[in-house]
Visitor: 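Could you have a look at this structure, given as structure tokens, before my questions?
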Amino acid sequence: MLRRLRAIGVKTRQGRNTALFALAQQLPAGQLAKMLGVHISVAVAWQRASGGDWMAYAAAVAARSATKARPSEGSAPGA
């Protein structure tokens with residue numbers, strides 16, 4: 001199949017790289033590494049190259065959790 005695709009001018013490596021970068025944007029590096037069987041440092045590099053920012057996501061989730069855990073100001077306990 002690869003020969004046939006090359007014969008008509010389809011560049012398969014570009015499609016593969018595009019798919020990997022799309023995954024790197026959508027998944028945390030740990031999951032990406034496990035799913036594809038690559039070293040975590042490779043998955044992190046792909047994620048950085050693709051612009052995926054899971055560190056900011058993790059920080060946002062932590063901030064949301066901390067906000068929900070605090071009682072709102074001015075409310076009486078047990079109310």
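Side-chain atoms are counted along with the backbone in the values below, which use heavy atoms only and exclude waters and symmetry mates. From a predicted model like this one, the values you see are computed outputs, not experimental measurements.
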Visitor: How close do Ser50 and Phe21 get, heavy atom to heavy atom, and via which atoms?
Guide: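 Minimum heavy-atom separation between Ser50 and Phe21: CB-O, 3.5 Å.
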Visitor: Could you list the donor-acceptor pairs under 3.5 angstrom formed between side-chain atoms of residues 32-42 and any protein atom two or more places apart in sequence or on another chain?
Guide:
{"residue": "His39", "atom": "ND1", "partner": "Ser41", "partner atom": "N", "Å": "3.0"}
{"residue": "His39", "atom": "ND1", "partner": "Ser41", "partner atom": "OG", "Å": "2.9"}

Visitor: Membership question, hydrophobic clusters at under 4.5 Å side-chain separation (ILVMFWY): are Leu27 and Leu20 in the same one?
Guide: yes
Visitor: Indicate, with yes or no, if Trp46 and Leu23 share a hydrophobic cluster defined by side-chain heavy-atom contacts under 4.5 Å among Ile, Leu, Val, Met, Phe, Trp and Tyr.
Guide: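 Per the 4.5 Å side-chain linkage, Leu23 and Trp46 are co-clustered.
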